[in-house]
Amino acid sequence: MPTFDMDPYDGDENNYMPQEDDWDRDMLLDPAWEKQQRKTFTAWCNSHLRKAGTQIENIEEDFRDGLKLMLLLEVISGERLAKPERGKMRVHKISNVNKALHYITSKGVKLVSIGAEEIVDGNAKMTLGMIWTIILRFAIQDISVEGTRIWKDGLGFCALIHRHRPELIDYGKLRKDDPMTNLNTAFDVAEKYLDIPKMLDAEDIVGTARPDEKAIMTYVSSFYHAFSGAQKAETAANRICKVLAVNQENEQLMEDYEKLASDLLEWIRRTIPWLENRAPENTMQAMQQKLEDFRDYRRQHKPPKVQEKCQLEINFNTLQTKLRLSNRPAFMPSEGKMVSDVSNAWGGLEGAEKGYEEWLLNEIRRLERLDHLAEKFRQKAAIHETWTEGKEVMLQARDFETASLSEIKALLKKHEAFESDLAAHQDRVEQIAAIAQELNELDYYDSPSVNARCQNICDQWDALGALTQKRSEALQRTEKLLETIDQLYLEFAKRAAPFNNWMEGAMEDLQDTFIVHTIEEIQGLSTAHEQFKATLPDADKERGAILGIHNEIAKIVATYHVNMAGTNPYTTINPQDINAKWDKVRQLVPQRDQALIEEHARQQNNERLRRQFANQANVIGPWIQTKMEEIGRISIEMHGTLEDQLTHLRQYEKNIVNYKPKIDQLEETHQLIQEHIRVGWEQLLTTIARTINEIENQILTRDAKGISQDQMNEFRASFNHFDRTVSGSGPTMVPGEAEFSRIMSIVDPNRVGVVTFQAFIDFMSRETADTDTADQVMASFKVLAGDKNYILADELRRELPPDQAEYCIARMAPYAGPDAIPGALDYMSFSTALYGESDL
């Protein structure tokens with residue numbers, strides 16, 4: 001509080017006798033002093049009456065009815081006086097003045113020789129004395145002002161302004177020998193910038209040998225009250241700025257959380273439909289591209305989102321810690337954007353991802369099976385179509401009508417051989433139909449063409465059956481006329497046809513492609529192939545027997561000079577065909593041997609890769625588990641300061657990230673069975689990030705609460721004592737421990753039975769915390785508003801920094817009280833909203 005050395009009274013607030021005695025000793029004021037007092041007291045009264053929307057012109061005339069006198073006392077005291085009389089008679093005026101004088105005496109002021117009649121009669125001396133008494137009691141009390149000498153040259157007024165508002169006056173340019181300029185400068189600046197009315201003119205002070213002390217004291221007291229209010233406003237503004245800065249920072253963190261949560265949820269929302277898309281592709285190349293796109297998503301697109309999810313949890317915990325430290329309510333994210341909502345959405349993403357991967361692999365296996373079946377269908381269909389080529393024409397021929405008996409018998413035997421051949425092909429036709437049916441069941445993309453080709457084969461087969469039956473009946477009718485038949489040709493045809501069919505089947509099997517995934521499967525194929533090779537000697541004997549029949553025919557023809565019209569009439573198979581096909585079979589056997597050997601080597605290499613993956617996984621898995629346990633111990637044990645622990649954890653995090661190439665190497669070894677290693681790796685990254693965030697929040701709490709490192713160590717020791725599980729997750733309830741139950745009722749209000757170390761620190765430091773409250777902020781705004789129930793935008797801009805002033809103006813609701821004026825703002829509801837007691 002500013003002090004100025006001049007004691008206008010004897011120190012007893014109830015004793016104003018020295019001043020009042022002055023009036024009794026000198027019934028007539030010095031004319032110069034009276035002029036100064038009139039001017040000063042009138043300006044002082046108007047500086048207060050203008051708050052009530054009125055003023056006075058003549059100090060002894062305007063107070064005669066007592067109305068404005070009572071109003072003046074109400075304004076400067078802030079209290080309500082008794083209801084005034086509104087009559088115009090002298091008795092009414094005396095009554096009003098007496099009420100005012102009675103209120104003055106009720107404040108411990110002794111009025112000597114001042115009566116209501118003198119005031120009503122317009123006694124200037126008494127009126128000025130009464131006003132001086134009011135000024136002493138309500139404006140100058142507790143202020144010590146030095147005598148009038150230091151104010152006469154104007155430097156005292158200028159120094160007083162420069163002391164509190166140095167930007168208003170350049171004190172170094174003032175001259176002691178120019179009091180008029182000094183006084184006018186001080187009075188003009190005070191009126192323009194400090195809202196202090198001009199109570200004296202420079203001539204009143206310079207032109208008087210001894211200026212009136214009462215006028216000087218009254219004027220100086222106005223400076224005191226102006227600067228006292230400015231100091232209160234500055235203190236209030238600083239408090240508001242502090243609170244607003246915290247609130248703006250928290251709002252920014254809330255906005256950042258909302259945006260990060262929205263972006264992450266939007267990415268999940270866009271990604272899940274892609275993972276749930278089960279539209280199959282027709283080709284293996286297209287499905288392989290889908291699998292490659294999925295692996296790119298795993299390697300490139302998902303890892304940044306895993307980090308964003310981790311950062312979201314860290315931001316949420318940090319924000320809640322800052323809100324708790326500043327006595328703000330906990331942050332409640334928008335609906336659907338809670339950490340749990342993001343975790344649930346992430347779980348849905350993981351589920352869709354797993355299902356999509358399984359579908360891709362099944363689809364690839366299905367397409368592999370389809371390609372194999374389609375190729376098999378084409379091979380069998382081509383062989384069958386080649387065999388049936390010309391068969392219908394042959395069966396429809398009328399050659400038997402002009403043939404000799406021997407020729408008829410030959411035709412009949414030939415037809416019998418064809419029937420045997422036809423029966424042998426029945427199995428192939430059934431296989432073709434079965435493969436086509438399986439292709440339809442597996443949704444083969446080219447099923448229409450397969451079905452059309454299969455239908456053509458079946459229709460042709462039915463037609464061949466009908467034609468065969470018809471020709472057989474015709475030949476049997478002619479058989480009675482033709483009895484000669486060449487038994488050897490018939491025997492050759494009967495044995496050559498099955499053997500030829502066996503060789504064609506053998507060639508087909510030897511050229512058939514195979515798809516295996518294990519050593520056992522390739523060993524099964526090798527065993528079957530060895531069994532086939534074991535039958536070759538018997539087959540060679542059969543070939544020799546068939547060729548022997550042909551040789552016997554040639555011998556008989558040569559011996560008996562039989563007139564043979566061309567080739568064997570019973571079959572189109574000849575020894576050259578048999579030998580060519582037999583040579584082809586013998587050529588395909590070693591090729592099949594080589595293919596099986598190469599596939600066996602490939603499966604052995606695959607088995608070696610599987611064992612290599614298992615060995616690497618057995619190393620990386622325990623490594624991840626060991627790091628998880630070490631991180632848990634770091635968060636519990638006390639080794640060094642929190643900064644040391646944080647540095648230690650960051651080094652752990654760096655070592656873990658440097659281990660990532662081994663994870664990538666493991667994934668390259670085997671893409672399909674490393675899921676549990678990847679999940680463990682992501683959990684390890686999340687755990688180290690969460691532990692670092694806990695240490696950072698402890699540092700934030702320590703700095704905000706002013707906790708020393710020794711206190712933090714004591715808190716940790718106490719916490720570890722209660723943490724019987726040594727898990728770091730906090731103490732658990734033990735029935736019967738009364739003191740522990742009392743503490744848990746404070747730090748665990750939800751009664752879940754577990755408390756974190758952060759909550760434990762809050763409990764231990766809560767009693768010494770120095771935090772702002774809504775009432776303190778409200779009181780600060782009231783100081784800036786000049787004790788009004790509302791505040792104006794100009795007042796906020798004058799007292800606060802520009803950005804924080806505009807922040808308040810944008811969020812304060814209009815004031816709706818009975819004393820509201822245009823532009824009034826409600827700072828009370830705004831203050832409660834800052835601390836969550838209402839909505840901004």
Task: For V339 against F316, the heavy-atom pair lying closest together - done: CG2-CG, 3.7 Å
Task: Point-to-point distance, once rounded to the nearest 0.5 Å, from CH2 of W582 to CH2 of W502 - done: 5.0 Å
Open item on the list: Nearest 0.5 angstrom please: T535 OG1 to E530 CD, how far?
Closed with: 11.0 Å
TODO: Report the residue from L325, N317, I314 that forms a side chain to side chain contact (heavy atoms under 4.5 Å, CB included) with N697.
DONE: N317
TODO: Please determine if E255 and K259 form a salt bridge, counting it only when a charged side-chain N lies under 4.0 Å from a carboxylate O.
DONE: no
Open item on the list: With no hydrogens and no angle check, just 3.5 Å: does a side-chain donor-acceptor pair link E598 and Q594?
Closed with: yes
Task: CG on D256 to CG on L319, rounded to 0.5 Å - done: 9.5 Å
Open item on the list: Between N362 and R365, do the side chains contain a donor N or O and an acceptor N or O under 3.5 Å apart?
Closed with: yes
Task: Carboxylate-amine/guanidinium proximity below 4.0 Å for R650 and E643 - done: no
TODO: State whether the side chain of Q311 and the backbone N or O of Q307 hold a donor-acceptor pair below 3.5 Å, judged by distance alone.
DONE: no
- [ ] Give the intermediate values and the outcome of side chain to side chain donor-acceptor pair (under 3.5 Å) for residues Q248 and Q252.
- [x] CA-CA 6 Å; Q248 288 173 308; Q252 185 61 46; over 6 Å; no
Name each donor-acceptor pair under 3.5 Å that joins a side chain in residues 370-384 to protein atoms two or more places apart or in another chain, with its distance.
{"unit_1": "H372", "atom_1": "ND1", "unit_2": "T513", "atom_2": "OG1", "d": "3.4"}
{"unit_1": "E375", "atom_1": "OE1", "unit_2": "R378", "atom_2": "NE", "d": "3.4"}
{"unit_1": "E375", "atom_1": "OE1", "unit_2": "R378", "atom_2": "NH2", "d": "2.9"}
{"unit_1": "K380", "atom_1": "NZ", "unit_2": "Q431", "atom_2": "OE1", "d": "2.5"}
{"unit_1": "K380", "atom_1": "NZ", "unit_2": "E508", "atom_2": "OE2", "d": "2.4"}

TODO: Answer yes if the side chains of E251 and N247 hold a donor-acceptor pair under 3.5 Å, and no otherwise.
DONE: yes
TODO: Calculate, to the nearest 0.5 Å, the distance between atoms NZ and OH belonging to K290 and Y356 respectively.
DONE: 5.0 Å
TODO: Establish, from distance only, whether the side-chain atoms of N250 and K322 form a donor-acceptor pair under 3.5 Å.
DONE: no
Open item on the list: Pairing donors with acceptors under 3.5 angstrom, does anything connect the side chains of D593 and H529?
Closed with: yes
- [ ] Indicate yes or no for a side-chain donor-acceptor contact from R328 to the backbone of L834 under 3.5 Å, with no hydrogens or angles considered.
- [x] yes
Task: Contacts of F331 that satisfy ring pair (Phe, Tyr, Trp, His ring centres under 6.0 Å) - sequence neighbours left out - done: Y257
TODO: Please round to the nearest 0.5 Å and tell me the distance separating atom CD of E308 and atom NZ of K302.
DONE: 13.5 Å
Task: Residues R602, E599: salt bridge by 4.0 Å N-O rule - done: yes
Task: Worked verdict on N605 versus R608 for side chain to side chain donor-acceptor pair (under 3.5 Å) - done: CA-CA 5 Å; N605 184 58; R608 180 184 61 79; 2.6 Å; yes
- [ ] Return yes if a side-chain donor-acceptor contact under 3.5 Å exists between E292 and Q288, otherwise no.
- [x] no
- [ ] Calculate, to the nearest 0.5 Å, the distance between atoms CH2 and CG belonging to W346 and L265 respectively.
- [x] 11.0 Å
